[in-house]
Amino acid sequence: MSAHLNAALREGDNPELTEERRKATFDTRKLADEFFGSHLARRRREIAKAIDAIPELHDTKPLPFMTREEKVEEAARKVFTLSKHITDIVDLSNNRETQSLNEMVIGIEGMPISLHFAMFIPALQGQADDEQKREWLDRAIRMEIIGTYAQTELGHGTNLRMLETTATYDKQNKEFILNSPTLTSLKWWPGNMGKSCNYAIVVANLIIDDKLLGPHSFMVQLRDENSHETMPNIQIGDIGPKMAYNSSDNGFLKLSNLRIPRRNMLMKHAKVQEDGTYKKPPHEKLAYSAMVHVRSHMITQHAMLLAYALSISTRYSCIRRQGYIDPKKDEVKVIEYQTQQHRLFPHIARAYAFAFAGTESIRKFEIMKRSLEAGNIELIADLHALTSGLKAVVTYLAGQGIEQARQACGGHGYSMASYMGEIYGVGIAGCTYEGENLVMMQQLGRYLIKAVKSVKEGKKPTGYVAYLAHAGQRHSLIDCRPNEGYAEHIRAFEHIARRQTFRAAERLQKYENSGLSTEQAWNNCTVELNRASRLHTRLFIACNFYERVLDVEDMAVREVLEDLLHLHLNYELIDIASYALEAKKIRPNAVSLVDSWEITDREHRSVLGRRDGHVYENLFKWAKSSDLNQNDVLPSHKKHLLPMMLNARKQSKL
Ligand SMILES: CCCCCCCC(=O)SCCNC(=O)CCNC(=O)[C@H](O)C(C)(C)COP(=O)(O)OP(=O)(O)OC[C@H]1O[C@@H](n2cnc3c(N)ncnc32)[C@H](O)[C@@H]1OP(=O)(O)O
Ligand SMILES: Cc1cc2nc3c(=O)[nH]c(=O)nc-3n(C[C@H](O)[C@H](O)[C@H](O)COP(=O)(O)OP(=O)(O)OC[C@H]3O[C@@H](n4cnc5c(N)ncnc54)[C@H](O)[C@@H]3O)c2cc1C
């Protein structure tokens, strides 16, 4: 391809990468337009440019060299700086623009207002009535207050029915009394609750006249708006360092009979009148809307984390020479090894597949949100099932891909100069938060069992489960347009998913017929059921990828995406089989496929993944800037180890 068509080519780059970029068979900008959507792709370039021009938005020093306190401070400093520029850089109402800005400036380690945007604002939008929106939502959007979403407790995170925090209605004073009755009822984990937020939406068990009415959401002021000191009847703090994500102050909260006005219960759906009359919500699970919102957005976020890791490892694999294929020739780039290609290329295909699935899940969420605004609740169950499966499968497989990408970098992949450790730590956190993966797959399992039951009653389920009724016929999960090249793959995929779902349903039925309770029978089948949920979700991802590729107009881009689709379908279906052949076709485009994600050095923060490929000189520069190297002899060495060795020498001379 002539240089001008490949936007990633730059003067002064490592010739090893330039050589790769010259092999591209498509324009990386056009593929970026397909990956992000052309509007967001253009806006990401503009946002990256705007950030380059504002030095105070750049990392003070590489994040891995920072202590936890420095990280928290750095994130707060950037948030403050951003608040002065943000409206000049992004459209605040565009979630994906603000997400891109966040990733480029703050990075992935969290910041004092992560949960403010991820859950506090969405929960107000989904559960506050109009008057409450005027009182809190507007102030939250203007950043006059910072909030979080406090649901998980020390003793319970998954099983929301057993949350212990109570909100008892006092008719006399028209107030709720919020209390943490036990140690295990302390709110535990909510992002930014430890030190940053001054408000939280607290999920507590509503009690009226001694009747337990289940989890409801309450607006609680945690800290004084001016002094930021903790409010009376509240004990609050940071839960301590985590595996990653340490710029975020996840916190604990103990409520001691804290009184809040009646109108602090979010009352868009459920209501409590002054006299204590309770009005049920139109759907019991509307209170869970903020979680479905996050889950529907997590898919693209974890596709991006996987893309970060693969950008780093694919570029590095093309500058790293190690060993020989033909001993008479030079050392080869490690990307030439078939094992290295097996390690990377299927995950590159998955990163594209997950991103397209994520775009679809956000689209479906917006449709559901609009229908909910119109009072229609029937899409809630479908979306919950879809986002439960996608969240569980994508966070898990993306985590696996990130780790494979790290291992592909050898020793330097283990250095924090690669930044892979942080990308992995943040990536796998998604397997836990927003519902532990194994539990969320069971939510989808319930939905699939109901679909099997309706097929057995002779009904024709629609939407994502239509394929369950069509053994062997030409129907597909999402009316995939049959294209000879892939129809057989999709058919095989449907067959495997359908067979597993029916197998799990039959096993459940057998256990129930044997006299076991429903719960016991269910527990005995959860491994089979989760397998069905995984296959169903991966079928959805594959079909969605297929549909997306068929919509691409630029033929060069479509061809490389078809190469990835074919690799993806084979890899997903047969695991190792003939996709190696496909790897050959992917090989010339490997760097350009990752360049198309247009992830800047500032955004991925990896020395190994530098766009210009000048890794070694920068790796040495990075190491020299380590705090440990600021003194030739560490003070701790002088204090501890030197005396120890001097003593040992004295002893040995005696
Ligand atoms: C930058 C990113 C930062 C993000 C930081 C992370 C923030 C967080 O982690 S916030 C806390 C997240 N916590 C969670 O996700 C908790 C996970 N647990 C749950 O959601 C619930 O306990 C759950 C769904 C597992 C079970 O709920 P439970 O009330 O027991 O319902 P359950 O009995 O299983 O199901 C009853 C019905 O409700 C339905 N249902 C359950 N949840 C939902 C929902 N959210 N929407 C619609 N329907 C639902 C079920 O499908 C089922 O329907 P049906 O009867 O037709 O089969
Ligand atoms: C980085 C991070 C940020 C977070 N941010 C927030 C936040 O902002 N706000 C908030 O409220 N929470 C937050 N959380 C908490 C998070 O939502 C919970 O950790 C999560 O919901 C899992 O609940 P748990 O920790 O109680 O795990 P548990 O439910 O105790 O899970 C432990 C194990 O038990 C298994 N298990 C549990 N129930 C079942 C079941 N029914 N069937 C089969 N297996 C089961 C799980 O699969 C898992 O293997 C955060 C967590 C993390 C890691």
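Everything numeric in this text was worked out from a predicted model, so none of it was measured. We count ligands from 1, going down the list as the structure has it; atoms in each ligand are counted the same way.
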### Query
Can you tell which of W189, Y447, F117, Y288 gets a heavy atom nearest to atom 45 (N) of ligand 1?
Y288

### Message
Please report whether ligand 1 has a polar contact with Q151, defined as an N or O pair separated by less than 3.5 Å (distance criterion only).
### Response
yes

### Query
Is the W188 ring parallel, tilted or perpendicular to the F252 ring (thresholds 30°, 60°)?
parallel

#### Entry: Sub-4.0 Å heavy-atom environment of ligand 2, residues by chain
L115, Y149, Q151, T152, H156, G157, T158, W189, P190, G191, N250, T432, Y433, E434, G435, E436, L438, V439, Q442

#### Entry: ligand 1 versus M119: contacting region, heavy-atom distance under 4.0 Å
side chain

### Message
Would Q301 count as a polar contact of ligand 1, with the cut-off being nitrogen or oxygen pairs under 3.5 Å?
### Response
no

### Task
For atom 32 (P) of ligand 1, find the nearest protein heavy atom and state the residue, atom name and distance (0.1 Å precision).
R446 NH1, 3.5 Å

### Query
Tell me, which protein residue and heavy-atom name are nearest atom 21 (C) of ligand 1, and how many Å apart are they?
T158 O, 3.7 Å

### Message
What protein heavy atom lies closest to atom 14 (C) of ligand 1? Include the residue and the distance to one decimal.
### Response
M291 SD, 3.3 Å

### Query
D249 side chain to S196 main-chain N or O, any donor-acceptor pair under 3.5 Å?
yes

### Task
Using a 4.0 Å heavy-atom threshold (strictly under), name the region of Q443 that reaches ligand 1: side chain, backbone, both or neither.
side chain

### Task
Name the option, out of M440, H384, K285, H297, that contains the heavy atom nearest to atom 31 (O) of ligand 1.
K285

### Query
Do you know which of T165, L255, L258, L206 makes side chain to side chain contact (heavy atoms under 4.5 Å, CB included) with F218?
L206

N/O donor-acceptor pairs under 3.5 Å from side chains in residues 454-462, not counting sequence neighbours:
unit_1	atom_1	unit_2	atom_2	d
S454	OG	A451	O	2.9
E457	OE1	K459	NZ	2.8

### Query
Taking only residues at least two apart or on different chains, which pairs with a member in residues 361-371 satisfy side chain to side chain donor-acceptor pair (under 3.5 Å)?
E360-R363

### Message
Under a 4.0 Å threshold between the charged nitrogen and the carboxylate oxygen, would E603 count as salt-bridged to R44?
### Response
yes

### Task
Just need the protein heavy atom nearest to atom 15 (O) of ligand 1, so name the residue and atom and give the distance.
R295 NH2, 2.8 Å

### Task
Compare all side-chain heavy atoms of F120 with those of Y149 and state whether any distance is below 4.5 angstrom.
no

### Query
Any N or O of R161 that comes nearer than 3.5 Å to an N or O of ligand 1?
yes

### Task
State whether R602 and D59 are salt-bridged, where the test is any N-O pair (Lys NZ or Arg NE/NH1/NH2 against Asp/Glu carboxylate O) under 4.0 Å.
no

### Task
For atom 1 (C) of ligand 1, find the nearest protein heavy atom and state the residue, atom name and distance (0.1 Å precision).
Y245 OH, 3.4 Å

### Task
Note the single closest protein heavy atom to atom 9 (O) of ligand 1, along with its residue, its atom name and the distance in Å.
E434 N, 3.0 Å

### Task
Could I get the full list of salt bridge (Lys or Arg N to Asp or Glu O under 4.0 Å) partners for K450, not counting sequence neighbours?
none

### Message
For atom 16 (C) of ligand 1, what is the closest protein heavy atom, and at what distance to 0.1 Å?
### Response
G157 O, 3.3 Å

